[in-house]
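Bear in mind that the values here come from a model prediction, so they are computed numbers and not experimental data. As the structure lists them, so they are numbered: ligands from 1, and atoms in each ligand from 1.
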Amino acid sequence: MSRDEDQQYAAGAAADGGVDRLVGPEADSEESAVEAALRPKELGEFIGQPKVREQLDLVLKAARQRNGTADHVLLSGAPGLGKTTLSMIIAAEMAAPIRITSGPAIQHAGDLAAILSSLQEGEVLFLDEIHRMSRPAEEMLYMAMEDFRVDVIVGKGPGATAIPLELPPFTLVGATTRAGLLPPPLRDRFGFTAHMEFYEPHELEQVVHRSARLLDVEIDTDGAAEIAGRSRGTPRIANRLLRRVRDYAQVKADGSIDQDIASRALGVYEVDERGLDRLDRAVLTALLKLFGGGPVGLSTLSVAVGEERETVEEVAEPFLVREGLLARTPRGRIATPAAWDHLDMPRPTQNPPHPPGGSGQQGLFGA
Ligand SMILES: Nc1ncnc2c1ncn2[C@@H]1O[C@H](COP(=O)(O)OP(=O)(O)OP(=O)(O)O)[C@@H](O)[C@H]1O
């Protein structure tokens, strides 16, 4: 297909709202049904995270042998790495039902009491974003986790009384993107804590192959590798990119995916070989072209790319930092040598020029 045809395809995709932050790690509102279909259902099907799998397998097997309830589990890690999936696997492996809720949905202790008091014996309670629960709910959870009991407060003021309520044993699976935000008394009440890492490219390749099989799409090894390499270490993004490449293959070719199709399709969606999208590249390009690689302040950089400060800081920068393309320093943002290479720009041979009114200090290329 010609470049013009690809551009027309891109315009059509944009009109569908399809190109907006294709590489964002959070699920978008329409994604949950598709994700449900692609979730591994048992531990043996779960790809990657070998240590977490091995340890969790022991925890669950031991609980089953004792005919007991599994210890409370805390899962931490970036969005889209499989925390929800793993919580469902825990329930399935324990042949237990699962209740799913999230920290922001529990604003009052009463909300939590209602959920806890309706749990069945052995049920798994998945509490996503557990670090965003209200303080009173969090305190109620301490007792529930440790003693399987809550005090329900009836009445207000001096006449208020606490009525103790026994709970059946249950397994709490808490998920958080930042374990460090949890108060230590809460963290300490989990019997098993697992940190989920970003996935290796070969693991994401397996995710892509598995999802392609479930979606009934033909894909070869190089096609899967191409998608995996652009998926930012995140299965959710790998699955999303696969679906977009599938669209392209269906509309523009015979429906099967090879490296050429994958690379053209993701070119249309402006996701480059390393997984950077348009916003990431705009930030990097401004940093290199306008500010000679920095250091430059976040506000200035944001104005230069026409985005909010928060967008640059929270949406673009974390991945650029993780990829070793940008560094945050007390003097401002600086590009690393790898950034010049990635954008195919010659590395400056001496100290980069300083931004107008800049600090006059040296960037990574400094002596
Ligand atoms: N190890 C894995 N193997 C295969 N597919 C996976 C794996 N981990 C995640 N996925 C897929 O990635 C998608 C996102 O996973 P999941 O919803 O579990 O992530 P999460 O960490 O709970 O994200 P969030 O924090 O945003 O809720 C799901 O469709 C799931 O099928």
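With ligand atoms numbered from 1 in the order given, ligand 1 contributes 15 (O), 16 (P), 17 (O), 18 (O), 28 (C), 31 (O) to contacts under 4.0 Å with heavy atoms of R39. Within the listing of ligand 1, atoms 31 (O) sit less than 4.0 angstrom from a heavy atom of L38. Ligand 1 places these atoms under 4.0 Å from at least one heavy atom of D128: 27 (O). Counting the atoms of ligand 1 from 1 in the order shown, those under 4.0 Å from a heavy atom of N239 are 11 (C), 12 (O), 29 (O).
Scanning the protein for heavy atoms near atom 18 (O) of ligand 1, the closest one is T85 OG1, 2.5 Å. Looking from atom 25 (O) of ligand 1 to the surrounding protein, the closest heavy atom is K83 NZ, 3.1 Å. The protein heavy-atom contact nearest to atom 19 (O) of ligand 1 is G82 N, 3.2 Å. The single protein non-hydrogen atom nearest to atom 26 (O) of ligand 1 is R236 NH1, 2.8 Å, given as residue, atom name and distance. The nearest protein atom to atom 6 (C) of ligand 1, hydrogens excluded, is given as P235 CB, 3.8 Å; this is a heavy-atom distance. Here the protein heavy atom with the shortest distance to atom 13 (C) of ligand 1 is E35 OE2, 3.7 Å.
Note that R264 lies outside the cation-pi zone of Y248, set by a 6.0 Å cut-off to the ring centre and a 45° limit from the axis.
A single hydrophobic cluster is not seen to contain both F126 and L172; linkage of ILVMFWY side chains at heavy-atom distances under 4.5 Å, directly or through other members, places them apart. Placement of L38 and F46 in two distinct hydrophobic clusters is found when ILVMFWY residues are connected by side-chain heavy-atom separations under 4.5 Å, directly or transitively.
D280 has a carboxylate O that lies under 4.0 Å from a charged side-chain N of R232, or vice versa, which qualifies the two as a salt bridge.
With distances taken over non-hydrogen atoms, the option nearest atom 23 (O) of ligand 1 out of P40, S211, G80, A37 is G80.
Taking any N or O of I47, backbone or side chain, at least one lies under 3.5 Å from an N or O belonging to ligand 1. On a distance-only criterion, G48 and ligand 1 share no N/O pair closer than 3.5 Å. For a threshold of 3.5 Å applied to N or O pairs, the pair formed by T84 and ligand 1 contains at least one separation below that value. Residue contacts with ligand 1: R210 is placed with no nitrogen or oxygen under 3.5 Å of a nitrogen or oxygen of the ligand (distance criterion only). Considering both main-chain and side-chain atoms, L86 never comes within under 3.5 Å of ligand 1 through any nitrogen or oxygen pair.
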Inset, instruction - Go through the steps for D71 and R189 under the test salt bridge (Lys or Arg N to Asp or Glu O under 4.0 Å), then give the verdict. - result: CA-CA 9 Å; D71 262 354; R189 282 172 168 80; over 6 Å; no
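Looking at R309 and S299, their side chains do bring a donor and an acceptor atom within 3.5 Å of each other.
Relative orientation of the F148 and H72 rings is tilted, given thresholds of 30° and 60° on the angle between their planes.
Put simply, the side chain of L215 reaches to within 4.5 Å of the side chain of R243, judged on heavy atoms. The side-chain heavy atoms of L276 and L320, taken from C-beta on, include a pair separated by under 4.5 Å.
Atom NZ of K289 sits in a sparse spot, with 12 or fewer heavy atoms from other residues, nucleotides or ligands closer than 6.0 Å.
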